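Note sheet for the following structure.
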Amino acid sequence: MLNKLILVLNCGSSSVKFSIFNFYDEQRRLFGFAEFFSFKKVYIQWSLNNVIKSRILSSVSSIDLVLDYIIFNVLLKELRLLGEVFAVGHRIVHGGLSFIKSEIINDNVVKGIEESIPFAPLHNPAHLIGISKIMKQFPSLVKRNVAVFDTSFYQNIPEEAYLYPLPYYFYKNYGIRRYGAHGLSHYYVFQESAKFLNKSCKNLNIITCHLGNGSSISAISNGCCVDTSMGLTPLEGLVMGTRCGDIDPSIIFYLYEKFNISLENIKKILTEQSGLLGLNNGVSYDCRDIEKNYYDVSSGAHRAINVFCYRLAKYIGAYSILMDNSLDAVIFTGGIGENSVLIRELTLRRLKLLNFKLDHKRNLSIHSGKSGFITTCDSSISAIVIPTCEELVIVRDVVSLLG
């Protein structure tokens, strides 16, 4: 069998993920990630042929340098064993109104991603750095780089879901609307959930919860996404690692007028100093660290997780009324959703009205890449953990576009 490899690059707000797939069998040959830890130190780990390697870098201070290390010290070295890359797929958080489907990257696509930076200020600049680095180091692949947009999944949500109650010309003239994010993840677990529930995708009524440093929730009724929590930007919605999620917009005016905080600093507070980090007194935004101190009821960790679960449960409850007939399942995915036994339990406890019956033994057993039901067999609504694989969605779109 020919060895046709596809490199998938996902440059995020707090991490970089990279994978190499053989597109004939859709098997992942290499997987790795870099976590920035606010650039005080960078942890890089990758796996090839079941051999895990890792490095901690203390002299790296930007995503630019992280990508250099990944390209020169990981990809180019490991490709000697794997073979040549045929194409590259890039996960792009925001495509604005310009892109409703995946596109082969050219100057116009790069320009469109640049124009959408105000909608994803923490993500799109990182994506552009990744595109530039890969095209420079793999010049033969310049015409075989594909942008796969998270926002594509939400192009068909109804008008009442994507419009904001602002003067209508803000939407018509400036494209101000709900765009959503994490679309690749929601789409992947939506398809996988059909297998668990033994139903066709077009008949599914589910709520998908992608929980991580960035968190979002989507409602899918009769196989169509009808609403999602992230809005014009990835700042709206659930409590996140460093992002505030939903707040009263007047808080911005109050901080500006009462305390003379500049708009630039307010933006930084809402995107980089809020969420779990802010509620945890600035100690950590990593849910793994916060959970260790949850049972200290006087701690910021206890407060942060309670607010996180309360907001998540409120969204699940609200989205349950959007289902056409009944709700089949709630899906947990993402780093927190797949691994946090505590957050899944605390969230479902708040949803007694929906008659979830949590199976504590099942819930405790599912983490670290495992999948399965965490509710009892007789629960009227299922809760399922499904590890996401955004990369596989990207690979399939690359193959579809390039053949």
Side-chain angles (χ1 to χ4, degrees), residues 182 185-186 188-212 215-229 237-239 287-288 290-291 294-295 297 301-302 304-388:
H182 298 138
S185 177
H186 289 285
Y188 177 80
V189 298
F190 153 63
Q191 289 194 312
E192 290 298 302
S193 67
K195 302 173 186 176
F196 280 90
L197 297 166
N198 196 26
K199 296 184 70 172
S200 68
C201 286
K202 67 180 181 180
N203 294 325
L204 277 183
N205 293 291
I206 62 171
I207 296 171
T208 52
C209 307
H210 177 103
L211 310 177
S215 296
S216 63
I217 180 170
S218 292
I220 299 169
S221 177
N222 285 331
C224 296
C225 185
V226 294
D227 206 348
T228 191
S229 59
L238 301 173
V239 175
C287 193
R288 293 165 292 190
I290 298 172
E291 280 193 12
Y294 173 72
Y295 292 102
V297 295
H302 186 83
I305 287 180
N306 280 347
V307 174
F308 184 96
C309 296
Y310 171 80
R311 293 289 189 94
L312 175 58
K314 189 163 75 167
Y315 260 100
I316 292 172
Y319 280 4
S320 68
I321 69 167
L322 301 178
M323 301 300 117
D324 187 45
N325 293 307
S326 61
L327 176 61
D328 295 318
V330 170
I331 313 299
F332 292 97
T333 193
I336 294 174
E338 294 166 27
N339 295 294
S340 179
V341 171
L342 176 65
I343 281 178
R344 296 193 302 248
E345 179 168 349
L346 292 176
T347 300
L348 292 179
R349 264 193 215 165
R350 293 180 177 273
L351 293 163
K352 294 177 182 177
L353 195 62
L354 295 179
N355 293 320
F356 284 100
K357 293 183 181 179
L358 181 69
D359 186 315
H360 296 279
K361 188 175 180 180
R362 280 180 167 181
N363 190 36
L364 284 169
S365 69
I366 295 182
H367 52 80
S368 305
K370 296 178 182 177
S371 62
F373 291 87
I374 59 172
T375 43
T376 61
C377 296
D378 63 342
S379 181
S380 57
I381 304 172
S382 298
I384 312 171
V385 177
I386 301 177
T388 192

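Start at 1 with the first residue, then count along the sequence. Everything quoted here is computed from the prediction, not taken from an experiment.
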Report task. Would you please classify the geometry between the His302 ring and the Tyr294 ring as parallel, tilted or perpendicular, with 30° and 60° separating the classes? Result -> parallel

Query raised in the report: Would you say the side chain of Ile207 lies within less than 4.5 Å of the side chain of Leu327, judging by non-hydrogen atoms?
Result: yes

Query raised in the report: Roughly how far, to the nearest 0.5 Å, is OG1 of Thr208 from OH of Tyr188?
Result: 14.0 Å

Query raised in the report: Hey, what do you get for CG (Leu211) to CG (Leu238), rounding to the nearest 0.5 Å?
Result: 7.0 Å

Query raised in the report: Would a distance-only check, ignoring hydrogens and angles, find a side-chain to backbone donor-acceptor pair under 3.5 Å from Thr375 to Phe356?
Result: no

Query raised in the report: Would a 4.5 Å heavy-atom cut-off, applied to side chains only, mark Arg344 and Val341 as touching?
Result: yes

Query raised in the report: Closest approach of Glu345 and Asn363, non-hydrogen atoms and distance?
Result: CB-ND2, 3.9 Å

**Report entry** Spacing of NZ belonging to Lys357 relative to CG belonging to Leu348, to within rounding of 0.5 Å
**Finding:** 14.0 Å

Query raised in the report: Does CG belonging to Asn198 count more than 12 external heavy atoms closer than 6.0 Å?
Result: no

Query - Donor-acceptor pair, side chain of Asn339 and main chain of His367, under 3.5 angstrom - result: no

Requested in this report: Could you pull out the closest heavy-atom pair between Cys309 and Arg350, with the gap in Å?
Outcome: O-CD, 4.0 Å

**Report entry** Gly317 versus Ser320, closest heavy-atom pair with distance
**Finding:** O-OG, 2.6 Å

Requested in this report: To the nearest 0.5 Å, tell me how far Leu364 CG sits from Leu342 CG.
Outcome: 10.5 Å

Query raised in the report: Can you find a heavy atom in the side chain of Ser193 that is under 4.5 Å from one in the side chain of Leu204?
Result: yes

Query raised in the report: So, does Ser340 use its side chain to make a donor-acceptor pair with the main chain of Gly337 at under 3.5 Å?
Result: no

Query raised in the report: Is the backbone of Thr376 close enough, under 3.5 Å, to the side chain of Ser379 for a donor and an acceptor to pair up by distance?
Result: no

**Report entry** Side-chain heavy atoms of Asn355 within contact of Ile381, under 4.5 Å
**Finding:** no

Report task. Would you give the length of the straight line joining atom OG of Ser365 to atom NE2 of His360, rounded to the nearest 0.5 angstrom? Result -> 13.0 Å

Requested in this report: Pick out which of Asp324, Asn205, Asp227 makes a side-chain hydrogen bond (donor to acceptor under 3.5 Å, both in side chains) with Ser221.
Outcome: Asn205

Query raised in the report: Do Glu291 and Ile343 come close enough that some side-chain heavy atom pair is under 4.5 Å?
Result: yes

Query - Sole residue of Ile374, Asp359, Ile384 in side chain to side chain contact (heavy atoms under 4.5 Å, CB included) with Ile366 - result: Ile374

Query raised in the report: His182 vs His186 aromatic rings, parallel, tilted or perpendicular, using cut-offs 30° and 60°?
Result: tilted

Report task. Decide yes or no for Ile316 and Ile217: does some side-chain heavy atom of the first lie under 4.5 Å from some side-chain heavy atom of the second? Result -> yes

Query raised in the report: Closest approach of Ser229 and Ser216, non-hydrogen atoms and distance?
Result: OG-CA, 3.3 Å

Query - side chain to side chain contact (heavy atoms under 4.5 Å, CB included), paired with Cys209, selected from Ile331, Ile336, Val330 - result: Val330

Report summary line: For Glu192 and Ile386 the tightest heavy-atom approach is CB-CG2, 3.9 Å

Requested in this report: Could you check if a side-chain atom of Val385 sits within less than 4.5 angstrom of a side-chain atom of Lys370, using non-hydrogen atoms only?
Outcome: no

Query raised in the report: With distance as the sole test, does Ser382 use its side chain to make a donor-acceptor pair with the main-chain N or O of Ala329 at under 3.5 Å?
Result: no

Query - Test item: Tyr315 side-chain N/O and Thr228 main-chain N/O as donor-acceptor pair under 3.5 Å - result: no

Report summary line: Separation between CG (Asp328) and CZ (Phe196), nearest 0.5 Å, reads 14.5 Å

Requested in this report: Answer yes or no: is there a side-chain heavy-atom contact under 4.5 Å between Leu358 and Arg349?
Outcome: no

Report task. List the atom of Pro387, the atom of Gly369, and the distance in Å for their closest heavy-atom pair. Result -> CG-O, 3.4 Å

